[in-house]
Asks: 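One structure, pasted below without further comment.
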Amino acid sequence: MKKKLIAGNWKMNAGGADGMALCAEVCAGHKPQNQAQLLLCPPFTLLRELAQKLANTGIWLGAQDCHSAEGGAHTGDIAATMLCEAGCSHVILGHSERRGDHGESDALVSGKVSAALQAELIPILCIGEALQQRQSGAAEQVVGAQLAASLPEQIDPARLVIAYEPIWAIGTGMTASLDDIAAMHGFLRQELIRHLGAGGAQVPVLYGGSVKPENAAAILAIADVGGALIGGASLKSADFLAIARAAG
Ligand code: PGA
(Lines give C-alpha, C1' and ligand atoms only; values in the text may rest on other atoms or scores of the structure.)
Protein backbone atom coordinates (compact mmCIF):
# COMPACT_ATOMS: atom_id res chain seq x y z
CA MET A 1 0.00 0.00 0.00
CA LYS A 2 1.26 3.47 -0.84
CA LYS A 3 2.21 5.44 2.28
CA LYS A 4 0.04 8.43 3.14
CA LEU A 5 1.83 11.73 2.68
CA ILE A 6 1.66 13.87 5.83
CA ALA A 7 2.92 17.34 4.93
CA GLY A 8 3.53 20.13 7.43
CA ASN A 9 2.98 23.61 6.03
CA TRP A 10 4.65 25.89 8.55
CA LYS A 11 3.54 29.00 6.63
CA MET A 12 5.27 32.20 7.90
CA ASN A 13 6.15 30.62 11.27
CA ALA A 14 9.08 28.87 12.90
CA GLY A 15 11.70 30.41 10.65
CA GLY A 16 14.61 30.35 13.10
CA ALA A 17 15.70 28.50 16.22
CA ASP A 18 12.07 27.55 16.89
CA GLY A 19 11.91 25.82 13.50
CA MET A 20 15.16 23.97 14.09
CA ALA A 21 13.82 22.74 17.44
CA LEU A 22 10.54 21.68 15.84
CA CYS A 23 12.42 19.75 13.15
CA ALA A 24 14.59 18.04 15.77
CA GLU A 25 11.49 16.96 17.71
CA VAL A 26 9.81 15.59 14.59
CA CYS A 27 12.96 13.66 13.65
CA ALA A 28 13.29 12.24 17.16
CA GLY A 29 9.67 11.10 17.30
CA HIS A 30 9.33 9.81 13.73
CA LYS A 31 9.11 6.06 13.23
CA PRO A 32 10.08 5.19 9.65
CA GLN A 33 8.05 1.98 9.88
CA ASN A 34 4.84 4.06 10.21
CA GLN A 35 2.47 4.09 7.28
CA ALA A 36 3.15 7.79 6.71
CA GLN A 37 5.69 9.62 4.60
CA LEU A 38 6.51 12.90 6.33
CA LEU A 39 7.27 16.15 4.53
CA LEU A 40 8.23 19.42 6.21
CA CYS A 41 7.67 22.75 4.43
CA PRO A 42 9.39 25.49 6.48
CA PRO A 43 9.94 29.11 5.43
CA PHE A 44 12.64 29.63 2.78
CA THR A 45 15.18 30.84 5.35
CA LEU A 46 15.40 27.40 6.96
CA LEU A 47 15.52 25.20 3.87
CA ARG A 48 19.25 24.61 3.67
CA GLU A 49 19.68 23.97 7.38
CA LEU A 50 16.71 21.64 7.49
CA ALA A 51 17.98 19.77 4.44
CA GLN A 52 21.09 18.88 6.46
CA LYS A 53 19.08 17.84 9.49
CA LEU A 54 16.71 15.69 7.43
CA ALA A 55 19.43 13.88 5.47
CA ASN A 56 19.11 10.13 6.10
CA THR A 57 15.95 10.49 8.20
CA GLY A 58 13.55 9.52 5.40
CA ILE A 59 11.65 12.79 5.99
CA TRP A 60 11.23 14.92 2.88
CA LEU A 61 11.70 18.68 2.55
CA GLY A 62 9.47 21.07 0.62
CA ALA A 63 9.02 24.80 0.04
CA GLN A 64 5.84 26.87 0.09
CA ASP A 65 6.07 28.64 -3.27
CA CYS A 66 8.27 29.31 -6.31
CA HIS A 67 8.31 31.65 -9.30
CA SER A 68 7.28 30.48 -12.76
CA ALA A 69 10.50 31.76 -14.36
CA GLU A 70 13.85 29.99 -14.27
CA GLY A 71 15.61 33.11 -12.95
CA GLY A 72 16.10 36.79 -13.67
CA ALA A 73 14.77 40.16 -12.52
CA HIS A 74 12.11 39.08 -10.01
CA THR A 75 12.96 40.83 -6.75
CA GLY A 76 11.94 38.88 -3.69
CA ASP A 77 11.03 35.71 -5.59
CA ILE A 78 12.65 32.31 -5.66
CA ALA A 79 13.15 29.92 -8.58
CA ALA A 80 12.24 26.24 -8.52
CA THR A 81 15.83 25.31 -9.38
CA MET A 82 17.03 27.18 -6.27
CA LEU A 83 14.66 25.13 -4.11
CA CYS A 84 16.03 21.99 -5.66
CA GLU A 85 19.58 23.11 -4.92
CA ALA A 86 18.57 23.85 -1.33
CA GLY A 87 17.48 20.23 -0.93
CA CYS A 88 13.73 20.30 -1.61
CA SER A 89 11.86 17.47 -3.25
CA HIS A 90 8.43 19.18 -3.17
CA VAL A 91 6.89 22.63 -3.42
CA ILE A 92 3.40 23.75 -2.35
CA LEU A 93 1.82 25.82 -5.13
CA GLY A 94 -1.41 27.77 -5.43
CA HIS A 95 -2.19 27.70 -1.71
CA SER A 96 -5.34 29.72 -1.06
CA GLU A 97 -3.34 32.14 1.11
CA ARG A 98 -1.10 32.93 -1.88
CA ARG A 99 -4.08 33.10 -4.21
CA GLY A 100 -5.68 35.53 -1.71
CA ASP A 101 -2.69 37.54 -0.45
CA HIS A 102 -0.96 37.84 -3.82
CA GLY A 103 -3.81 37.55 -6.29
CA GLU A 104 -2.38 34.38 -7.84
CA SER A 105 -4.50 33.24 -10.77
CA ASP A 106 -4.92 29.67 -12.03
CA ALA A 107 -2.81 30.60 -15.06
CA LEU A 108 0.03 31.83 -12.86
CA VAL A 109 -0.19 28.72 -10.70
CA SER A 110 -0.09 26.55 -13.82
CA GLY A 111 3.16 28.31 -14.83
CA LYS A 112 4.61 27.62 -11.41
CA VAL A 113 3.63 23.94 -11.63
CA SER A 114 5.48 23.73 -14.97
CA ALA A 115 8.56 25.43 -13.49
CA ALA A 116 8.56 23.03 -10.54
CA LEU A 117 8.32 20.01 -12.83
CA GLN A 118 11.13 21.30 -15.03
CA ALA A 119 13.31 21.63 -11.94
CA GLU A 120 12.37 18.04 -11.01
CA LEU A 121 10.42 19.11 -7.95
CA ILE A 122 7.06 17.54 -7.19
CA PRO A 123 4.37 20.23 -7.06
CA ILE A 124 1.64 20.01 -4.43
CA LEU A 125 -1.11 21.84 -6.26
CA CYS A 126 -3.68 23.33 -3.85
CA ILE A 127 -7.31 23.86 -4.81
CA GLY A 128 -10.43 24.53 -2.77
CA GLU A 129 -13.70 26.43 -2.64
CA ALA A 130 -14.81 29.39 -0.49
CA LEU A 131 -17.64 28.98 2.03
CA GLN A 132 -20.19 30.79 -0.10
CA GLN A 133 -19.33 28.59 -3.06
CA ARG A 134 -19.89 25.48 -0.95
CA GLN A 135 -23.14 26.82 0.47
CA SER A 136 -24.47 27.62 -2.98
CA GLY A 137 -23.73 24.07 -4.16
CA ALA A 138 -20.93 25.14 -6.51
CA ALA A 139 -18.01 23.46 -4.72
CA GLU A 140 -17.35 20.72 -7.30
CA GLN A 141 -17.74 23.09 -10.20
CA VAL A 142 -15.30 25.61 -8.66
CA VAL A 143 -12.72 23.03 -7.63
CA GLY A 144 -12.98 21.17 -10.97
CA ALA A 145 -12.42 24.41 -12.87
CA GLN A 146 -9.45 25.34 -10.66
CA LEU A 147 -7.88 21.94 -11.23
CA ALA A 148 -8.32 22.12 -15.00
CA ALA A 149 -6.92 25.66 -15.23
CA SER A 150 -4.01 25.12 -12.81
CA LEU A 151 -2.68 21.97 -14.50
CA PRO A 152 -0.16 22.57 -17.29
CA GLU A 153 -0.79 20.71 -20.56
CA GLN A 154 2.20 18.42 -20.33
CA ILE A 155 2.31 16.71 -16.99
CA ASP A 156 3.53 13.35 -15.76
CA PRO A 157 0.89 12.09 -13.30
CA ALA A 158 3.61 10.22 -11.41
CA ARG A 159 5.15 13.58 -10.43
CA LEU A 160 2.07 15.37 -9.13
CA VAL A 161 0.32 15.76 -5.77
CA ILE A 162 -3.01 17.55 -5.33
CA ALA A 163 -4.21 19.09 -2.04
CA TYR A 164 -7.93 19.72 -1.66
CA GLU A 165 -8.29 22.45 0.96
CA PRO A 166 -11.70 24.08 1.43
CA ILE A 167 -10.74 27.69 2.16
CA TRP A 168 -13.28 28.02 4.98
CA ALA A 169 -11.69 25.06 6.81
CA ILE A 170 -8.14 26.46 6.82
CA GLY A 171 -7.04 27.65 10.25
CA THR A 172 -10.65 27.92 11.43
CA GLY A 173 -11.07 24.70 13.38
CA MET A 174 -13.92 23.75 11.01
CA THR A 175 -13.41 20.69 8.85
CA ALA A 176 -15.48 19.49 5.95
CA SER A 177 -17.72 16.56 6.89
CA LEU A 178 -16.38 13.08 6.14
CA ASP A 179 -19.11 12.66 3.51
CA ASP A 180 -18.19 15.93 1.82
CA ILE A 181 -14.49 15.04 1.83
CA ALA A 182 -15.27 11.59 0.37
CA ALA A 183 -17.50 13.11 -2.33
CA MET A 184 -14.94 15.76 -3.33
CA HIS A 185 -12.04 13.33 -3.40
CA GLY A 186 -14.09 10.90 -5.51
CA PHE A 187 -14.94 13.74 -7.89
CA LEU A 188 -11.29 14.82 -8.10
CA ARG A 189 -10.20 11.25 -8.84
CA GLN A 190 -12.57 11.15 -11.83
CA GLU A 191 -11.36 14.54 -13.00
CA LEU A 192 -7.70 13.52 -12.69
CA ILE A 193 -8.34 10.42 -14.79
CA ARG A 194 -10.25 12.52 -17.34
CA HIS A 195 -7.36 15.01 -17.65
CA LEU A 196 -4.35 12.73 -17.25
CA GLY A 197 -5.56 9.30 -18.36
CA ALA A 198 -5.05 6.11 -16.37
CA GLY A 199 -2.11 7.68 -14.49
CA GLY A 200 -4.59 10.03 -12.83
CA ALA A 201 -5.72 7.11 -10.67
CA GLN A 202 -2.35 7.14 -8.87
CA VAL A 203 -2.04 10.87 -8.09
CA PRO A 204 -2.13 11.38 -4.30
CA VAL A 205 -4.92 13.77 -3.29
CA LEU A 206 -4.31 15.23 0.17
CA TYR A 207 -6.98 16.82 2.35
CA GLY A 208 -6.17 20.03 4.21
CA GLY A 209 -8.08 22.31 6.56
CA SER A 210 -7.96 22.03 10.36
CA VAL A 211 -6.65 18.46 10.39
CA LYS A 212 -5.68 17.59 13.96
CA PRO A 213 -4.95 14.46 16.00
CA GLU A 214 -8.64 14.08 16.93
CA ASN A 215 -9.98 13.98 13.36
CA ALA A 216 -7.00 12.66 11.40
CA ALA A 217 -7.70 8.92 11.57
CA ALA A 218 -11.26 9.30 10.24
CA ILE A 219 -10.20 11.65 7.43
CA LEU A 220 -7.20 9.55 6.42
CA ALA A 221 -9.35 6.40 6.31
CA ILE A 222 -11.48 7.82 3.49
CA ALA A 223 -10.88 6.19 0.12
CA ASP A 224 -8.93 8.49 -2.18
CA VAL A 225 -7.51 10.59 0.66
CA GLY A 226 -3.80 10.10 0.05
CA GLY A 227 -2.62 12.12 3.03
CA ALA A 228 -2.99 15.51 4.63
CA LEU A 229 -1.61 19.02 4.38
CA ILE A 230 -1.33 20.31 7.93
CA GLY A 231 -0.97 23.96 8.93
CA GLY A 232 -1.51 24.85 12.59
CA ALA A 233 -1.07 21.32 13.95
CA SER A 234 2.27 20.93 12.16
CA LEU A 235 3.76 23.59 14.45
CA LYS A 236 3.42 21.27 17.45
CA SER A 237 5.60 18.20 17.05
CA ALA A 238 3.35 16.05 19.28
CA ASP A 239 0.28 16.86 17.18
CA PHE A 240 2.07 16.41 13.88
CA LEU A 241 3.49 13.04 14.97
CA ALA A 242 0.07 11.96 16.29
CA ILE A 243 -1.44 12.73 12.88
CA ALA A 244 1.34 10.71 11.24
CA ARG A 245 0.53 7.76 13.50
CA ALA A 246 -3.16 8.10 12.61
CA ALA A 247 -2.18 7.47 8.99
CA GLY A 248 -1.13 3.93 9.81
P1 PGA B 1 -4.63 24.40 8.91
O2 PGA B 1 -3.93 24.83 7.52
O3 PGA B 1 -4.25 22.97 9.16
O4 PGA B 1 -4.08 25.34 9.93
O5 PGA B 1 -6.10 24.56 8.71
C6 PGA B 1 -3.87 23.97 6.43
C7 PGA B 1 -3.19 24.64 5.27
O8 PGA B 1 -3.38 25.84 5.06
O9 PGA B 1 -2.43 24.00 4.52
Side-chain angles (χ1 to χ4, degrees), residues 4-15 18-19 22 26 36-44 46-47 59-66 88-104 109 112-113 116 121-131 133-134 139 142-143 146-147 150 160-178 180-181 184-185 188 204-220 222 225-247:
K4 305 266 185 195
L5 178 59
I6 305 297
N9 174 12
W10 293 3
K11 310 192 179 185
M12 201 166 71
N13 299 295
D18 47 354
L22 177 56
V26 170
Q37 171 62 54
L38 301 190
L39 167 68
L40 300 182
C41 302
F44 293 134
L46 271 195
L47 287 175
I59 298 175
W60 294 342
L61 180 68
Q64 300 173 18
D65 183 44
C66 71
C88 293
S89 55
H90 289 67
V91 58
I92 299 170
L93 293 172
H95 190 283
S96 60
E97 285 153 13
R98 291 211 58 90
R99 291 177 187 262
D101 290 358
H102 301 279
E104 292 194 359
V109 173
K112 292 182 175 203
V113 172
L121 290 173
I122 296 185
I124 301 178
L125 169 61
C126 301
I127 48 180
E129 82 285 356
L131 185 57
Q133 292 166 329
R134 163 133 324 252
V142 167
V143 171
Q146 254 182 355
L147 177 73
S150 305
L160 175 68
V161 175
I162 301 293
Y164 166 59
E165 298 201 299
I167 298 170
W168 49 272
I170 296 177
T172 59
M174 296 197 288
T175 39
S177 72
L178 297 178
D180 285 347
I181 297 173
M184 184 60 85
H185 280 245
L188 285 170
V205 182
L206 315 184
Y207 171 79
S210 298
V211 177
K212 37 191 183 251
E214 302 82 64
N215 60 22
I219 292 172
L220 291 166
I222 296 172
V225 172
L229 183 54
I230 324 283
S234 72
L235 295 172
K236 290 187 201 138
S237 57
D239 286 1
F240 187 63
L241 290 165
I243 293 169
R245 282 194 300 275

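Just so you know, ligand 1 is whichever comes first in the structure, and atom 1 is the first atom listed for that ligand. Quick note: numbers below take in every heavy atom, side chains included, and nothing from hydrogens, waters or symmetry partners.
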Asks: Taking atom CD1 of Ile127 and atom CD1 of Ile167, what is their separation to the nearest 0.5 Å?
Replies: 11.0 Å
Asks: May I ask you to decide if Glu104's main-chain N or O and His102's side chain share a donor-acceptor pair within less than 3.5 Å?
Replies: no
Asks: Verify side-chain contact (heavy atoms from CB on, under 4.5 Å) between Gln133 and Val143, making sure each step is shown before the conclusion.
Replies: CA-CA 10 Å; Gln133 292 166 329; Val143 171; over 6 Å; no
Asks: Any sub-3.5 Å donor-acceptor pair from Arg98's side-chain atoms to Ile92's backbone N or O?
Replies: no
Asks: Against ligand 1, does Gly209 come closer than 4.0 Å with any heavy atom?
Replies: yes
Asks: Within ligand 1, which atoms have a heavy atom of Leu229 less than 4.0 Å away?
Replies: 6 (C), 9 (O)
Asks: Quick one: which ligand 1 atoms are inside 4.0 Å of a heavy atom on His95?
Replies: 7 (C), 8 (O), 9 (O)
Asks: So is Lys212 close enough to ligand 1, meaning a heavy atom under 4.0 angstrom away?
Replies: no
Asks: So, does Ala233 sit close enough to ligand 1 that a heavy atom of it is under 4.0 Å from the ligand?
Replies: no
Asks: Is the shortest N/O to N/O distance between Gly232 and ligand 1 below 3.5 Å?
Replies: yes
Asks: Is ligand 1 less than 4.0 angstrom away from at least one heavy atom of Ala169?
Replies: yes
Asks: Nearest heavy atom to atom 9 (O) of ligand 1 wins, so pick from Glu165, Gln64, Lys11.
Replies: Glu165
Asks: How does Asn9 reach ligand 1, if at all, at less than 4.0 Å between non-hydrogen atoms: by side chain, backbone, both, or neither?
Replies: side chain
Asks: Give a yes or no on whether the backbone of Gly231 and the side-chain of Ser234 come within a donor-acceptor separation of less than 3.5 Å.
Replies: yes
Asks: Any side-chain heavy atom of Leu22 within less than 4.5 Å of one from Leu40?
Replies: no
Asks: Judged on heavy-atom distance to atom 5 (O) of ligand 1, which of Gly173, Gly231, Ala7, Gly171 sits nearest?
Replies: Gly171
Asks: So, does Arg99 use its side chain to make a donor-acceptor pair with the main chain of Gly94 at under 3.5 Å?
Replies: yes
